[in-house]
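Presented below is the structure to which this report refers.
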Amino acid sequence: MMSELEEIVRTTCPRDCYDTCGVAVHKRNGAIESVRGDPRHFVSRGQLCTKCSIGYNNEWLDPRSRLTQPLRRVGRKGEGRFEPVSWNVALAAIADRLKQIVASAGPQAIFNTHYSGTISLNAYLFPMRFFNRLGATEVSPDTICNMAGHVALHYVYGTSVSGFDPRTGDDAACIIVWGANPTASGPHVQEHWLAKLPGKVVVVDPVRTATAAAADIHLQPFPGSDAALAFSMLHVIRRDGLVDRDFVAQHTVGWDELEPMLAPCTPAWGETATGVPARLIEDTARVYGRGPSLLWMGQALQRQPTGGNVMRACSLLPAVTGNLGKPGAGFVYLNFDMTQRGIDGEYLTAPHLSKSAPPSISQMDLAACLEDPARAQALMCWNINIAASNPQQERLRRALTREDLMTVVLDLFPTDTTDFADFVLPAASFLEFDDLVASYFHLTLSAQVKAAEPMGEALPNSEIFRRLARAMDFAEPELHESDSEIIATLLKRANFDGDFRAFAARAPVHVPAEPAIQFRDLIFPTPSGRIEIASESAAADGHPRLPQPLADPRPASGRLRLLSPSSSWSLNDSFSNVAKILAHVGPATIAMHPADAAGRGLAEGDQVLVANETGRLVMRVTLTETVPRGVALSHKGRWPKQEPGQRNVNVLNPGRKADMGESTAVHGVEVTVGPLASA
Ligand code: SF4
């Protein structure tokens, strides 16, 4: 039984994760005692993932690990030497410099880079009000991850953020999980949803992940050959009479152009192009085509040189088989359509504060921009750790050493990026402020409930930008609206009765309450109102009218294609500062097939030099048949400053763009791997 001094605060994990777990914060005498999974929550069922369970109960609660005061640089850039200053001093100095830059070079010389560190709605979106008012250059966040997929799905369906409702999973006879590894990126979705579905589970992944190993069928295409695999499946679907011709006639455009392209894409051709046995292509095409079927397109699919084409090709499967508009059918990329949940995204970001559309660049171009004083004079960095997560790591670090580039970094922890800052502003953790969380998988809206005061002088992202707006003398009321006012307005506009406390007592809330059928009315927000197998919009943007049956060329002799996904122990670059996790995962490794290792004279545990034109990295080799021949795998997310060579796997990423959306092609990186001694 709880003593009177014990209390449980129920809140929500706002990480960039499919799960969106319920969290139970146990407090004693007003202080947080432990952070656990909420046993009453339909996702977490009493358990957080291991990384959060460790991180949230250690570094997140430890003032020695957290940033607790505003800091001003006293050392050289990159040294990470600072002195504490007051909020007023820090914000006045930042505002003065920003004003000077606006007056002399224009606001576009200020770069705003951010992503998904904390994706509760206010923490994630409210700062954009400030940047819209300022007119800063936006470093397009999704270009570091999934922009190619968004662009591609817009061409075909007119939306990329309105997917199937997982609650309809029980109606599906088949689900294809293509390029996702929920064992690592959504462990509760894996355990409590995917593993429990009655239908056949097919996983398409070059790597035999735990998700793939648990599936009924695992297809292992060579990376970058997914479009060819989709075309080969479509060949079988057409050949075996599984095309839903009524659906195609009524709801698509371009089938007549696509159909002749399928003839040469036989299963034998598919096997040659992808490495997947023809028999498995046939089996998968038939089980999917008979339906009803779901298609989950994960966040690895689009990170390839032809990632946009891959996404267009894979997304044809539901269109051609009529797997839309009925229970157990549909596709998902991200369920991040805020309006579907009654959330007014434009209210949160206030784009009307922009005098003109702010300029935007790709994350792939950030290093080049920052090294140019005529282009960039200040960098504002929040919810992201670019020195760990961006491509062209060496070049970016050099650019960040520019003495005349005023760099301001918000974070919970002293990262590689904060080391390059002129001012470091301590951000509050999700345990320390109220907010709302919209899952990007489940159709839920959840409450993030403050369980403790912010540590030291830390502040929520929103409050930091309110104060900075004041220091800039920005008078627009939108910039000064309080969190509680914003949350109340959001809930009111979403038609929830009662205040935030009342909502939190009910949350998580499914919106809509009953399972939704994706595209129930079979009207698609494309120019034609139909699914655009052939897309004039794509053609106008310089792409082929139709997806193409492409497979990337295999790596040149001696090279391996490098995949750098998340492991179960980190999330993007979060948790890589957690001591217990670091001790568990040990030094950086590169996994490769034993035959590839033998050909290079390598054995398990050898130190190897991994290199290409962009960078070099020393790692320890591990041998595994879960990785196919010709592929190497090294997990992302490690912090360079904790590595012996002060670099992580992104030092090998040249920042090549995918075919659409100026998006990353990180899974197209190629490397040589050889004995360290011969390097
Ligand atoms: S990161 Fe994901 S799995 Fe881990 S606690 Fe948060 S929502 Fe749950």
Side-chain angles (χ1 to χ4, degrees), residues 8-26 32 34-61 115-121 123-124 145 166 177 180-196 209-211 296 298-300 332 334-336 383-385 389 412-413 429-433 435-449 451 507-510 565-578 580-581 584-585 635-637:
I8 296 177
V9 178
R10 294 198 150 76
T11 183
T12 305
C13 177
R15 299 270 81 77
D16 181 358
C17 170
Y18 290 102
D19 281 351
T20 322
C21 287
V23 178
V25 182
H26 291 246
I32 294 178
S34 66
V35 182
R36 308 178 197 169
D38 182 349
R40 293 199 248 158
H41 193 279
F42 79 103
V43 174
S44 46
R45 304 186 192 197
Q47 271 200 314
L48 303 178
C49 64
T50 315
K51 59 187 177 294
C52 288
S53 187
I54 298 172
Y56 291 167
N57 285 291
N58 289 281
E59 275 73 359
W60 259 254
L61 302 180
Y115 204 31
S116 57
T118 301
I119 58 170
S120 52
L121 294 177
Y124 180 60
C145 178
V177 182
N181 177 20
T183 304
S185 56
H188 299 84
V189 166
Q190 169 74 35
E191 183 182 352
H192 301 306
W193 184 76
L194 188 62
K196 302 277 168 56
T209 61
T211 297
W296 177 357
Q299 301 289 301
V332 73
L334 286 177
N335 270 330
F336 217 45
N383 262 7
I384 193 169
N385 178 5
S389 60
L412 273 71
F413 300 105
S429 91
F430 78 102
L431 298 168
E432 298 159 1
F433 60 97
D435 210 334
L436 299 173
V437 183
S439 170
Y440 61 60
F441 188 71
H442 306 287
L443 298 185
T444 54
L445 195 61
S446 303
Q448 179 186 298
V449 180
V509 175
H510 270 96
S566 257
S567 79
S568 304
W569 293 97
S570 68
L571 201 161
N572 302 327
D573 60 276
S574 296
F575 302 101
S576 297
N577 62 325
V578 175
K580 285 182 183 166
I581 290 178
H584 179 84
V585 298
H635 291 121
K636 68 175 180 180

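As the structure lists them, so they are numbered: ligands from 1, and atoms in each ligand from 1. For the single chain, residues carry numbers from 1 onward in sequence order.
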What protein heavy atom is closest to [atom], reported as residue, atom name and distance in Å?
atom                    : result
atom 6 (Fe) of ligand 1 : Cys13 SG, 2.3 Å
atom 3 (S) of ligand 1  : Asp19 OD2, 3.2 Å
atom 5 (S) of ligand 1  : Cys52 SG, 3.5 Å
atom 8 (Fe) of ligand 1 : Cys21 SG, 2.3 Å

- Query: Which heavy atom of Val43 sits nearest a heavy atom of His192, and at what distance?
  - Reply: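 Shortest heavy-atom separation between Val43 and His192 comes out as O-CD2, 3.4 Å.
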
With heavy atoms of [X] as the reference, note each atom of ligand 1 found under 4.0 Å away.
X      : value
Cys49  : 1 (S), 3 (S), 4 (Fe), 5 (S)
Cys17  : 1 (S), 2 (Fe), 3 (S), 7 (S)
Arg15  : 1 (S)
Leu571 : 1 (S)

- Can we call the ring centroids of Trp296 and Tyr18 under 6.0 Å apart?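 Between Tyr18 and Trp296, which both carry aromatic rings, the centre distance is below 6.0 Å.
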
Below 30° counts as parallel, above 60° as perpendicular, anything between as tilted: where do the rings of [X] and [Y] land?
X      : Y      : result
Trp60  : Phe413 : perpendicular
Tyr56  : Phe575 : tilted
His510 : Phe42  : tilted

- Message: Does either side chain, that of Asp38 or that of Ser44, offer a donor lying less than 3.5 Å from an acceptor on the other one?
- Response: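 The answer is no; no qualifying pair exists.
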
